[in-house]
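We number each residue from 1, following the sequence as shown. Order of appearance sets the numbers: ligands from 1, and atoms from 1 within every ligand. Here the structure is a predicted model, which means the values were calculated and not measured.
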Amino acid sequence: MKIIVQKFGGTSVSTHQRREMVADKVLDAIKRGYKPVVVVSAIGRKGDPYATDTLLSLLDNEKTYLEKREYDILMSCGEIISCVVLSEVLSKRGLKVRVLTGGQAGIVTNDNFGNAEILRIDTNRIINTINDGYIPVVAGFQGMTQSGEITTLGRGGSDITGTALGAALKADFVEIYTDVDGIMTADPRIVSNAHLIETMSYNEVFQFADQGAKVIHPRAVEYAMKSNIPVYIKNTMSNSRGTLITISRENIGRIITGITHMSSRTQISIEYDESCQNADDIFEVLANNKISIDLINVFPDYRVFTVNSKQEESVIKILEMLKIKYKVVSNCSKIAVIGNGMRGTPGIMAKILKALKERNIKVLQTADSHTTIWCLVKEEDTESAIKALHEAFDL
Ligand code: ADP
Ligand code: MG
């Protein structure tokens, strides 16, 4: 049986007209000889009636009165509604459909509500559904614990449902349908002349996703990579060939693949002299408080790192408590220049710094790995920095 998983994001199911386009994609898969398993996100984005953020806005946003378990029950509703609404359209087009919640689809998770981990997928129900001649339409972003509690997989988690199901069902490939033609050299909302990247390795896409490109969830990439399942990122609203993600390929002449960014970062520098003996305790205390840090640079007389701006206040409290001298730069943005091809190529950092300097963009910090170079800049410089680098590397 040639199974494929087709995952449709929130904007792909946001209007009746778009749901018809989704139906076209499902019918097309059948025509190509595949048995499609459809995964959907909640309808629309923030502000739309049944989008996850809208559901959350029904509750008190200042203070939490409920336990995480209850939030997951609320958040799981959006995808269930979406499944039924889309299924009606598929049905009208003559397809036999069967709506399944995450739990019904056999997705078993741990009980880490709000960010649950998939423990295993019992594929029997889906396989039987297909064998009975139905198309399974599965609610993304959710699962169920062994004891029957509803869980969610973290924001953007429908992508995870898509690739995890693809892996469990040994699908030929997974298609992630969204509102852009595929993965582009930069977010097309920032760089209007960004272009489509036709093929990428799992590793590169993971870097992209992990460093802020919203187009696919990083954990979804991990599931695909582990099972070596090809993933296409495609546009529901066009016939673009999309981006094919597979095992590492030769990057013929491609040094830089693309640029992405993560905003809402805060840079913290701590002074380090005899008067502050316990300065390094900070790292342990932050870890114990589950505050993750990055861009960590250690020098003899000071340390620098960044945190999510949401945690800035908590970090300052801890620094005060430990009596550590510090400096804070709020509202920063971490730009990531990514490319498997930069391994061992000299001069890239120099080119980045030159391009940013030419636009009078102050670089607050840098870091690099084999395949990524990061630059911390002020948030207001984000767009201009991305555009400058996009141009400098001729993407
Ligand atoms: P969906 O609702 O379909 O899951 P998302 O909003 O999660 O869609 O992801 C798609 C969005 O990702 C696009 O609208 C685009 O603005 C954004 N994006 C960010 N970086 C990139 C990139 N490099 N290539 C393509 N899209 C990107
Ligand atoms: Mg998404």
Residues in contact with ligand 1, criterion: heavy atom under 4.0 Å: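 Heavy-atom contacts below 4.0 Å: K7, G9, G10, R45, Y177, T178, D179, V180, G182, I183, M184, A186, D187, P188, R189, F208, A213, K214, V215.
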
NZ/NE/NH1/NH2 to OD/OE distance under 4.0 Å, E383 and K387: yes

Pairwise side-chain contact, F208 with I197, heavy-atom cut-off 4.5 Å (strictly under):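 Result yes, sub-4.5 Å side-chain heavy-atom pair found.
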
Take the angle between the ring planes of Y177 and F8 and call it parallel below 30°, perpendicular above 60°, tilted in between. parallel

Tracing side-chain links under 4.5 Å among I, L, V, M, F, W and Y, which residues wind up in one group with M237?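 Result for M237 is M21.
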
S41 pairs by side-chain hydrogen bond (donor to acceptor under 3.5 Å, both in side chains) with which of S82, S12, S158? S158

Just checking Y34 against F173, ring centres under 6.0 Å apart?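 Centroid distance Y34-F173: below 6.0 Å, so yes.
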
